[in-house]
Amino acid sequence: MGDQQVVPARTWTHRWTFVLAAAGSAIGLGNLWKFPYMAGVNGGGAFVLAYLCFIAAVGVPIMMAEVALGRHGRHSPITTMSELAKTSQASRWWGVSGWISAVSSMCILSFYSVIAGWAVYYTIGMFSGTFDHITPEQADASFEALTLSPLRMTVWHSVFMVLTGIIVARGVHKGLESSLRIIMPSLFVLLVVLLGYSVMYSGHFMEGVRFLLEFHPEDLTGQALLAALGHAFFSLSVGMGAIMAYGVYMPKKESIASTVAVVASLDTAIALVAGLIIFPLTFSQGMEPNQGPELMFVTLTAVFSSMPAGQFFGGLFFLLVSIAALTSSISMVEPLVTWLAERFAIKRAVGTTAYCLLAWLLGLGTVMSFNEWSDKLFLGRTFFETVDFLSANITLPLGGLLIAIFASWVMKRSLIYKELNLSTGGFNVWRALCRVVAPLAVLVIFTENFLG
Ligand code: TRP
């Protein structure tokens, strides 16, 4: 009997497909755009170290739990959680985690699409030569011109949202595998080329390295810790069921631990490389590292404009960023749309349209927060900052916490043990991380920030 026949129809046939899809979800704007700017705003080294610790001690164990739950339940995350709660004779309240996920994914998608829209705009601008031979000041000014125009931002936000919707409505896994096979390695190669450029020509490489890795304990404020924790969830795509939804398709015989290790390492490596590219170049342009969301766009546009074949490399870079964002954004929509289809027998196309439309509308708030509403603050934050904070720093860690507690305390030990298929020692480490370390990290940091 061929291998194919023992694999259920809905399973991806190859381990690397799961790795690709999960990496496609994890690697996106979080690595290339958000990580460098957050490291810049939070002072560099201390933030990076905290982020790395949270990835290893909190993000990875929860990611393993998500894959295990998804593969075990073989349904959308919300259905899986409520069915597993039933079979484990746990409270129906576990269903609440589904709503937390819905808030997370809707909020994240809403601003993600706006930022990805910038990347689409820059792709076209680069290839068409708009940014050729411009000074850093002009790069800054053209970014400002984009963000000061609600209309232009809305156009690109809409383009990106429609692309996301079309892919999800047609069923994700059809085209995903073959396109990811090309996109991910291309992104990797281009990043290595840019890293080489940064090492050889920025003239400030070591300064960038020092900024990214030098540890200043005074930067480790409660706020920076919360940002690092939230970003560990955001960057790995854990805490709202995106990885759980992909776990459904993972073949039973594959090892969850080693697969998750591969995905998390790739994700972390790409974020660090992005930082090592961006900071030396930022310094070489005489710019500040703490610019905020424009960091990647302004710095790299200025660099590409003076680089040999910069128009080509720049266009390619922003194209790959846009596609990496697309393979992430579809993983925000997929779990909820699958659930709508399961629960209410709503057609995928209808569910996707409704969901993307809502996220698009919410995204208009982010669009406006860069111009008309830039001085409208809620608790000191603009609309964009509020939506980002609420999702990445509150609902994602909360969702992740529930997943960790569910998998390690509530679910029958024998079920999760079998699914994870670790050595007893390995399983105990995983369980201690999910039972104690992850909840403690989230609770301590929440308390420090919200009650302290
Ligand atoms: N991880 C992605 C990035 O770094 C963003 C992302 C995709 C995400 N799916 C998610 C974040 C689900 C949280 C939850 O760009």
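In this text the structure is predicted, and so the values were computed from the model without any measurement.
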Keeping His231 on the side-chain end and Gly30 on the backbone end, is there a donor-acceptor pair under 3.5 Å? yes
Are more than 12 heavy atoms, taken from residues, nucleotides or ligands other than Gln223, located less than 6.0 Å from that residue's CD atom? no
Within this structure, what is the OG-CG distance for the pair Ser322 and Leu29, rounded to the nearest 0.5 Å? 8.5 Å
Does the separation of the ring centres of Phe317 and Tyr122 fall below 6.0 angstrom? no
Tell me whether the rings of Tyr197 and Tyr201 are parallel (<30°), tilted (30 to 60°) or perpendicular (>60°). tilted
Distance (rounded to the nearest 0.5 Å) between Leu212 CG and Phe35 CZ: 5.0 Å
Side-chain (Arg348) to main-chain (Val168) donor-acceptor, under 3.5 angstrom: yes
Of all heavy-atom pairs linking Val58 and Ala441, the shortest is CG2-CB, 4.1 Å
Please report the C-alpha distance between Phe54 and Leu225 in whole Å, then the side-chain angles of each, then the deciding distance to 0.1 Å, and finally whether the side-chain contact (heavy atoms from CB on, under 4.5 Å) criterion is met. CA-CA 9 Å; Phe54 289 137; Leu225 279 176; 4.1 Å; yes
Would one find more than 12 heavy atoms of other residues, nucleotides or ligands at under 6.0 Å from atom CZ of Arg343? no
Heavy-atom donor-acceptor pair, Gln285 side chain to Pro136 backbone, under 3.5 Å: no
Side-chain donor/acceptor pairs under 3.5 Å, residues 287-299, sequence neighbours excluded:
from, atom 1, to, atom 2, distance (Å)
Gln291, NE2, Glu288, O, 2.8
Thr299, OG1, Thr282, OG1, 3.3
Thr299, OG1, Leu295, O, 3.0

Between Trp360 and Ser158, is there a side-chain donor-acceptor contact under 3.5 Å, judged purely by atom types and distance? yes
Nearest heavy-atom neighbours spanning Ala227 and Phe47: C-CE1, 3.8 Å
Please check: side-chain N/O of Thr130 versus main-chain N/O of Met126, any donor-acceptor pairing under 3.5 Å? no
Taking atom types as modelled, is there a side-chain donor on His157 or Ser113 under 3.5 Å from an acceptor on the other? yes
N/O donor-acceptor pair under 3.5 Å between Ser198 side chain and Leu194 backbone: no
Trp373/Thr382 under side-chain contact (heavy atoms from CB on, under 4.5 Å): CA gap, chis, key distance, verdict: CA-CA 8 Å; Trp373 295 352; Thr382 63; over 6 Å; no
Answer yes if the side chains of Thr338 and Glu342 hold a donor-acceptor pair under 3.5 Å, and no otherwise. no
Heavy-atom check, side chain of Phe304 versus side chain of Phe313, under 4.5 Å: yes
Under 3.5 Å, side chain of Thr327 to main-chain N/O of Gly24, donor-acceptor pair present? yes
May I ask you to decide if the ring planes of Tyr37 and Trp33 are parallel, tilted or perpendicular, using 30° and 60° as cut-offs? tilted
Heavy-atom closest contact (Leu420 atom, Ala68 atom, distance): CD2-CB, 3.9 Å
So Phe143 and Trp118, would you call those rings parallel, tilted or perpendicular, with 30° and 60° as cut-offs? perpendicular
Ignoring hydrogens and angles, tell me if any N or O in the side chain of Asn31 forms a donor-acceptor pair with the backbone of Ser235 under 3.5 Å. no
Within this structure, what is the CZ-CD1 distance for the pair Phe406 and Ile416, rounded to the nearest 0.5 Å? 9.0 Å
Rounded to the nearest 0.5 Å, what separation is found between the CG atom of Leu320 and the OG1 atom of Thr123? 8.5 Å
Audit row: Glu254, Val19, side-chain contact (heavy atoms from CB on, under 4.5 Å) steps and yes/no: CA-CA 11 Å; Glu254 297 303 345; Val19 171; over 6 Å; no
On a heavy-atom basis, the closest approach of Asp267 and Ala26 is OD1-O, 3.1 Å
Met240 to Met332 - nearest heavy-atom pair and separation: CE-O, 4.1 Å
Test item: Asn371 side-chain N/O and Thr147 main-chain N/O as donor-acceptor pair under 3.5 Å: yes
Side-chain donor or acceptor of Ser328 paired with backbone N/O of Ala324 under 3.5 Å: yes
Could you give the distance from CD (Glu419) to NZ (Lys252), rounded to the nearest 0.5 Å? 3.5 Å
Please tell me if the side chains of Leu187 and Ile323 come closer than 4.5 Å, counting only heavy atoms from C-beta onward. no
Just how far is it from atom CD1 of Ile278 to atom CG of Leu300, taken to the nearest 0.5 Å? 5.0 Å
Do the rings of Tyr112 and Phe160 sit parallel, tilted or perpendicular, given the 30° and 60° boundaries? tilted
Measure across Ser237 and Ser25 and return the closest heavy-atom pair with its distance rounded to 0.1 Å. OG-OG, 2.8 Å
Counting distance only, does the side-chain N/O of Ser149 pair as donor-acceptor with the main-chain N or O of Leu146 below 3.5 Å? no
Donor-acceptor pairs under 3.5 angstrom involving side-chain atoms of residues 95-108: please list them, not counting sequence neighbours.
from, atom 1, to, atom 2, distance (Å)
Ser97, OG, Trp94, O, 2.8
Ser101, OG, Ser97, O, 2.8
Ser104, OG, Ile100, O, 3.2
Ser104, OG, Thr395, OG1, 2.8
Ser105, OG, Ser101, O, 3.2
Ser105, OG, Ala102, O, 3.3
Ser105, OG, Tyr355, OH, 2.7

So Phe384 and Phe111, would you call those rings parallel, tilted or perpendicular, with 30° and 60° as cut-offs? perpendicular
Decide side-chain contact (heavy atoms from CB on, under 4.5 Å) for Leu69 and Ile403; before the verdict, give the C-alpha distance in whole Å, the side-chain angles of both, and the deciding distance to 0.1 Å. CA-CA 9 Å; Leu69 291 177; Ile403 292 168; 4.0 Å; yes
